[in-house]
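The sequence lines fix the lettering, A, B, ..., with proteins before strands; numbering per chain opens at 1.
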Amino acid sequence: MFAQLLAQQTGYAIEALYHHIVQPNQVPVNKTKKEFTGDFTIITFPFAKISKKSPELTAREIGEWLKNALPEIESFNVIKGYLNIILKDDFWMEFLDKNYRNHSFGLNPQKQGQAPVLIEFSSPNTNKPLHLGHIRNNLLGHSVAEILEATGLPVVRVNLVNDRGIHVCKSMLAWKKWSNGETPESSGLKGDHLVGNYYVLFEKKYKEEVNQLKANGLDEETALRTAPLMLEAQEMLRKWEAGDAETHSLWEMMNSWVYEGFNETYKRLGISFDKIYYESETYSLGKKIVEEGFKAGVFYQKEDGSVWVDLTSDNLDHKLLLRSDGTSVYITQDLGCAELRYQEFSPQKMIYVVGNEQNYHFEVLKLILQRLGRTYADKIFHLSYGMVDLPEGKMKSREGTVVDADDLIEEIILTAREITLELGKATDLDEYEAHELFSMIGLAALKYFILKVDPRKNILFNPTESIDFDGNTGPFIQYTHARIRSVLRKANPWSFTPQKNMTFYEEEKEILKILYDFPSVIKQSAKELDPSQIANFAYELARSYNQFYHNLSILHEPDEQRMLTRLAISQFTAQVIRISMHLLGIDVPERM
RNA sequence: GGUCCGGUAGCUCAGUUGGAUAGAGCAGCAGCCUUCUAAGCUGCGGGUCGAGGGUUCGAAUCCCCCCCGGAUCACCA
C-alpha cells in the first residue's frame, strides 16, 4: 500500500536530512481530509524537534525529498505541519486498470497448512424459538466467519445447541401435562414455536403455584424451590441423565420439532454451520473433566455432594460445577465442549460469539481450563456483543416483550414489498422473482441495521418506528448496485485501456481512493472481529458513487475514453459493493 | 457493594496506532426527474464529545477522579 511506502520513505528522508532514525510506524500517514487538496497527509509535528526547524519548513523539506524519491508524486502542499501529498493521476489510472475486473478484489486465497479458526455462534436453547437477540448473534457470527475467510484463514463454523437441561425439561413437562398430544402437524405451528408455547405455559403455571404457596405463608425463596412443578421438572432432569427411555423418547420427539423450526429460520437468514454440537453429547465429557479436576485437587466437594472451584485468588467467587444431585450445569458441558473441539480441530483460535451478559462465564471458563493445565485455554476468545434493547428496556421472555425472529423477518419482507410496489418497481417480475426481491431487500434492511453498529455496543430497536430503507441502510447500498448494473447493461460492448495523462474529476478520484482502501478495511475488521467497519465502508462507497452518478454522465459522455474510464469505475464499484455486502451476509440485486 | 462495558446533534450511529474547522443518516425546512433507476442528489438549521483535573506541539481518543446508564457476581442458561 502506498501509505506504508510513504511512511518508509519519510523515514529515509529524515535520516538523510536530519541524520536521525525514525521507524516507519512512527510516521503518521493519513488520508487527506476532504477540505484540503491531496491524497495522503504526513503529519510532521513530531519531526520538528528532530529537524530543529519549524513544522512548516520541516514539512517542506521532507516534501521535496519525497517528490524526488517517488515518481508517483505529482506535487505537495504544506499547511502548518501537515504535508499533503498529491499523486499523479496515472497512479490512480493504473490502480483502476489492474483491478476493475477483479472479482475477488481485497480477498486473499486460503493459505495452506494453517490451523483453522473455530467460531461458535447461534447456540440456541431448544425450549423456545429464536428472537431478535439470536438474530444479532447469527448475523455477527456469520459475517465474522466470512471476513476471517476473506483474509485467507480456514474457518470452521460451529453451533452448540443447548438441547438438554432444566429449561428443556420445563417445556417437556408442560407438554406432557397439558398438550393433549398436540404436534406441529396437528396445530400447523412451526415446531420451535409450539415447544416455546409450552415453556411459557410452564412458567405461567409455576408462577401460579408459587403465588398459592406464598398465600399459604411460605416465603418467596422456599416457594420457588418447593413448588410441585419445579420438583417435577427436576425429577425429569434426573431421569433424563439416568437415561430413562420414556423421558428420552419425549425429549427426542420435541427436539426434532424444534430443529425443523430452527433450520427454517437459519435458511431464511442464509446461515449455515460446518458442525453442530449438542450439549447432550458433551456434558458427560464435562463431568469427566470435573472428576479429573477433583482428583487433582483443583476442585473441592461440599458435604451435600456438590462440586465447586475456588476462584477467590483470582478475585472471583466460588463457582458450582456439579449440583448436589450430581446433575451438570451450564459450565460443565462447556468444559467438555471446549475439550472436544480442541481435540477434533486443533484450532489456532476458538471464538465464541456470545452476548456480554456472559462475560463472567467466559472468564471463569478460561480460568478453570488454565488451572486444569489445558494449553488451549488461551486460544479461547469471547466475542462479546451488546444486547438488543427495546425502548422499554431489555427483552424479557417471561414478560412476553421478546421480538420473535420469524415474525420480524416476515414483517420486514412485507415492508420491503410495500415500499417497492409504492415506488412502482418490480411490476414486470413474476410472483417468484418478486418475492425473491422483496426478501432480498427486506433482509438487507434488517441485517445492515444490526451489523452497522459496533458489536460491543447495545442496539436500540424500536418496533413502532421500524427499520429505514433510505439513507445509511442496506437497501440504499443495494440500490446503488442495481443502478450501476443497469448502466452496465445499457452500455455497448466495451473495453477499457488506461489513458496516460488523463485528469480525473474529483468525483472519479474520490471513488478510486475509497476502493483503494478496501483491502486494509477488510484486514482491520478481521483483526477486530468487527463487521461494522465493512458496513460503514460499503456505505461510504455507495454514497460517493451516487454523487459521481448524479454529477457526471457515463453513457452520454462525449469523450469516448472518458466514458470507458467511467464504465470501468462503475464496474469496479459494483464489484466491491457486492463483495463487501457478501461479507455481511447480504445479497445484492441486479435491479430494484 | 465488587468487577466489566458504555455516555458524541432532538433520535440512531461513525470517528484507524492521539492530528487540521468533530462527521453521516433519520426527523424538520427549501430546492432538483423531457437526460444513464429520485430507495437518489443539493442546500439550511442543529454540538459544553457526561463533569472536572492531568499528560503535550496537539485530546472525543491516553491517565486520574466524580456523575449517569447497562451487564454480571445463581444448585438459570
Side-chain angles (χ1 to χ4, degrees), chain A residues 25-26 28 30-36 41 43 45-46 48-49 55 79-82 84 123 125 127 162 165-168 225 234 279 302 304-306 308 315-317 319-325 327 329-331 333-334 355-361 363-364 384 386-387 389 393-394 416 419-420 422-423 425 441 445 449 452-454 456-462 465 468-480 482-491 520-521 524 527-528 532-533 535-536 539-540 542-543 546-547 549-557 566 570 591-592:
Chain A
N25 59 8
Q26 308 274 60
N30 296 350
K31 280 204 298 181
T32 303
K33 294 211 162 203
K34 257 192 172 164
E35 311 87 273
F36 303 94
T41 297
I43 296 152
F45 290 103
K49 271 186 209 146
I79 300 169
K80 292 193 275 183
Y82 298 94
N84 300 316
S123 315
N125 300 340
N127 63 332
N162 267 284
I166 190 73
H167 55 297
V168 176
R225 217 180 49 234
Q234 283 166 349
E279 184 188 332
K302 282 192 181 171
D304 63 4
S306 54
W308 298 73
N315 271 330
L316 298 175
D317 218 330
K319 179 80 184 172
L320 176 89
L321 300 175
L322 279 181
R323 295 192 185 99
S324 53
D325 66 1
T327 58
V329 289
Y330 181 50
I331 198 153
Q333 62 85 22
D334 247 359
N356 62 16
E357 56 193 354
Q358 292 192 33
N359 287 355
Y360 180 76
H361 171 79
E363 212 178 324
V364 170
S384 163
M387 301 287 97
D389 292 327
K394 212 184 157 182
I419 292 175
T420 306
E422 238 169 61
L423 289 168
K425 311 218 173 161
I441 296 171
F449 175 80
K452 77 170 172 181
V453 182
D454 184 329
R456 288 167 310 183
K457 292 195 172 176
N458 288 3
I459 288 180
L460 186 77
F461 177 75
N462 190 334
E465 287 177 13
D468 276 328
F469 285 68
D470 298 321
N472 187 357
T473 66
F476 166 76
I477 298 167
Q478 288 180 317
Y479 172 75
T480 308
R483 230 180 184 187
I484 298 173
R485 298 299 306 164
S486 169
V487 173
L488 293 174
R489 273 194 302 275
K490 284 184 179 154
S520 64
V521 171
Q524 189 68 19
K527 192 176 151 201
E528 293 177 22
S532 74
Q533 296 180 24
N536 284 310
Y539 174 64
E540 273 305 309
R543 206 164 63 93
N546 279 309
Q547 286 166 358
Y549 181 93
H550 182 267
N551 292 346
L552 307 170
S553 49
I554 302 163
L555 299 175
H556 299 131
E557 166 60 41
R566 287 181 185 162
S570 299
R591 54 190 94 206
M592 71 184 269

- Task: Among B:G23, B:G25, B:C57, find the nucleotide with the atom closest to the side chain of A:Glu35.
- Result: B:G23

- Query: Hey, does the side chain of A:Asn125 reach the backbone of A:Asn127 with a donor-acceptor pair shorter than 3.5 angstrom?
  - Reply: no

- Task: Measure from NZ on A:Lys490 to C1' on B:U37 and round the result to the nearest Å.
- Result: 7 Å

- Note on the structure: Rounded to whole Å, CG of A:Asp470 lies from P of B:A27 at a distance of 7 Å

Output one line per pair: protein atom, nucleotide atom from nucleotides 32-35 of chain B, and distance, for all N/O pairs under 3.5 Å.
from	atom 1	to	atom 2	distance (Å)
B:U35	O2'	A:His556	ND1	3.3

- Message: Taking atom NZ as the centre, does A:Lys31 end up with more than 12 heavy-atom neighbours from other residues, nucleotides or ligands that are less than 6.0 angstrom away?
- Response: yes

- Query: Rounded to whole angstroms, how far apart are CG on A:Asn30 and C1' on B:U61?
  - Reply: 14 Å

- Item | side chain to side chain contact (heavy atoms under 4.5 Å, CB included) evaluation trace for A:Ile43 with A:Tyr82 | CA-CA 5 Å; A:Ile43 296 152; A:Tyr82 298 94; 3.8 Å; yes

- Message: Please determine whether side chain to side chain contact (heavy atoms under 4.5 Å, CB included) holds for the pair A:Val521 and A:Asn536, giving the CA-CA distance in whole Å, both sets of side-chain angles, and the decisive distance to 0.1 Å.
- Response: CA-CA 10 Å; A:Val521 171; A:Asn536 284 310; over 6 Å; no

- Message: So A:Ile441, base contact, sugar-phosphate only, or nothing? Heavy-atom distance under 4.0 Å.
- Response: base

- Message: Taking the minimum atom-to-atom distance to the side chain of A:Thr32, which one of B:G6, B:U37, B:A20 wins?
- Response: B:A20

- Message: Need one value for A:Ser384: base, sugar-phosphate or nothing, where a base atom within 4.0 Å counts as base even if backbone is also close, heavy atoms only.
- Response: nothing

- Task: Flag as yes if A:Tyr82 stacks onto the base of B:A20 (centroids under 5.5 Å, planes under 30°), otherwise no.
- Result: yes

- Query: Within the side chain of A:Thr420, is there an N or O that forms a donor-acceptor pair under 3.5 Å with the backbone of A:Ala416?
  - Reply: yes

- With distance as the sole criterion, is a donor-acceptor pair present between the side chains of A:His167 and A:Asn162 under 3.5 Å? no

- Query: Would you say B:G19 has OP1 or OP2 under 4.0 Å from some side-chain N or O of A:Lys80?
  - Reply: no

- Watson-Crick or G-U wobble mate for B:U61, both contacts under 3.5 Å: none

- Message: Side chain of A:Lys457 only, heavy atoms from C-beta on: which candidate in B:A77, B:A38, B:G7 is closest?
- Response: B:G7

Report all interatomic pairs (protein N or O, nucleotide N or O of nucleotides 68-73 of chain B) with separations under 3.5 Å.
from	atom 1	to	atom 2	distance (Å)
B:C73	O2'	A:Asp317	OD2	3.4

- Base B:A14 paired with A:Ser532 side chain (donor-acceptor, <3.5 Å): no

- Task: Would you indicate what A:Ser520 reaches in the nucleic acid, counting non-hydrogen atoms under 4.0 angstrom: base, sugar-phosphate, or nothing?
- Result: nothing

- Taking the same atom, P, in B:C32 and in B:A71, what whole-Å distance lies between them? 50 Å

- B:G46 and B:G23, which share atom name P, separated by this distance in whole Å: 14 Å

- Query: Any idea which of B:U12, B:G40, B:A77 is nearest the A:Leu460 side chain?
  - Reply: B:U12

- Query: Any idea which of B:G6, B:C76, B:A14 is nearest the A:Ile166 side chain?
  - Reply: B:C76

- Task: Examine the base of B:A20 for any acceptor or donor lying under 3.5 Å from a partner atom in the side chain of A:Asn84, and report the outcome as yes or no.
- Result: yes

- Message: I need the CD-P distance between A:Gln26 and B:G18, as an integer number of Å.
- Response: 11 Å

- Message: In the structure I gave you, are the side-chain heavy atoms of A:Met387 and A:Asn356 within less than 4.5 Å of one another anywhere?
- Response: yes

- Distance-minimising heavy-atom pair for A:Ala542 and A:Phe476: CB-CE2, 3.7 Å

- Item | B:C62 and B:A77, which share atom name P, separated by this distance in whole Å | 38 Å

- What integer number of Å spans the P atoms of B:C36 and B:A22? 40 Å

- Task: Would you indicate what A:Ile477 reaches in the nucleic acid, counting non-hydrogen atoms under 4.0 angstrom: base, sugar-phosphate, or nothing?
- Result: nothing

- Task: Could you check whether A:Ile554 gets within reach of a base, just the sugar-phosphate, or nothing at all, counting any heavy atom under 4.0 Å?
- Result: base

- In whole angstrom, give the distance that lies between atom CZ of A:Phe449 and atom P of B:C26. 14 Å

- Residue A:Asn125, side-chain heavy atoms: nucleotide from B:A39, B:A77, B:G19 that is nearest: B:A77

- Rounded distance in Å - CG (A:Leu321) to P (B:C76): 14 Å

- Message: Any heavy-atom pair between the side chains of A:Ile331 and A:His361 that's under 4.5 Å?
- Response: yes

- Query: A:Gln478 versus A:Ile441: any side-chain heavy-atom pair under 4.5 Å?
  - Reply: yes

- Contact check, side chains of A:Arg323 and A:Gln234, non-hydrogen atoms, under 4.5 Å: no

- Message: Base, sugar-phosphate or nothing for A:Ile459? Non-hydrogen atoms, less than 4.0 Å.
- Response: sugar-phosphate

- Note on the structure: To the nearest angstrom, the CD-P distance between A:Glu465 and B:G10 comes to 16 Å

- Item | Phosphate OP1/OP2 of B:A20: any A:Lys33 side-chain N/O under 4.0 Å | yes

- Message: I want to check something: taking the side chain as every heavy atom from C-beta on, are A:Tyr360 and A:Asp317 in contact at a cut-off of under 4.5 Å?
- Response: yes

- Item | Separation of atom CD1 in A:Ile43 from atom C1' in B:C57, rounded to whole Å | 12 Å

- Could you tell me whether the side chain of A:Glu557 and the main chain of A:Ile554 form a donor-acceptor pair under 3.5 Å? no

- Message: Strictly below 4.0 Å: does A:Lys452 bring a side-chain N or O up to OP1 or OP2 of B:U12?
- Response: no

- Query: Looking only at atom P, what distance separates B:A59 and B:G50, rounded to whole Å?
  - Reply: 15 Å

- With heavy atoms under 4.0 Å as the rule, sort A:Phe45 into base, sugar-phosphate or nothing. base

- Message: Between B:U42 and B:C26, how far apart are the two P atoms, rounded to whole Å?
- Response: 11 Å

- Query: So does A:Arg323 get a side-chain nitrogen or oxygen closer than 4.0 Å to the phosphate oxygens (OP1/OP2) of B:A77?
  - Reply: yes

- Message: I'd like to know if the side chain of A:Asp468 pairs up with that of A:Thr473 as donor and acceptor (distance under 3.5 Å, no hydrogens or angles considered).
- Response: no

- Given B:C13, B:A77, B:U37, which nucleotide is nearest the side-chain atoms of A:Val329? B:A77

- Task: May I ask you to say what A:Asn25 touches in the nucleic acid, namely base, sugar-phosphate or nothing, with a heavy-atom cut-off under 4.0 Å?
- Result: nothing

- Message: Tell me whether the side-chain N or O atoms of A:Thr473 pair up with the base of B:A39 as donor and acceptor below 3.5 Å, since no angle test is needed here.
- Response: no

- Please state whether the phosphate of B:A77, meaning OP1 or OP2, lies under 4.0 angstrom from any side-chain nitrogen or oxygen of A:Tyr330. no

- Which part of the nucleic acid, if any, lies within reach of A:Pro46 when heavy atoms closer than 4.0 Å are counted: base, sugar-phosphate only, or nothing? base

- Query: Does B:C41 have OP1 or OP2 sitting under 4.0 Å from an N or O in the side chain of A:Arg543?
  - Reply: no

- Message: Counting the atoms with a prime plus P, OP1 and OP2 as sugar-phosphate, which does A:Phe36 contact under 4.0 Å by heavy atoms, base, sugar-phosphate, or nothing?
- Response: base

- Between B:A24 and B:A9 - P atom distance, rounded Å: 15 Å

- B:G7 versus B:C49 - spacing of their P atoms, nearest Å: 14 Å

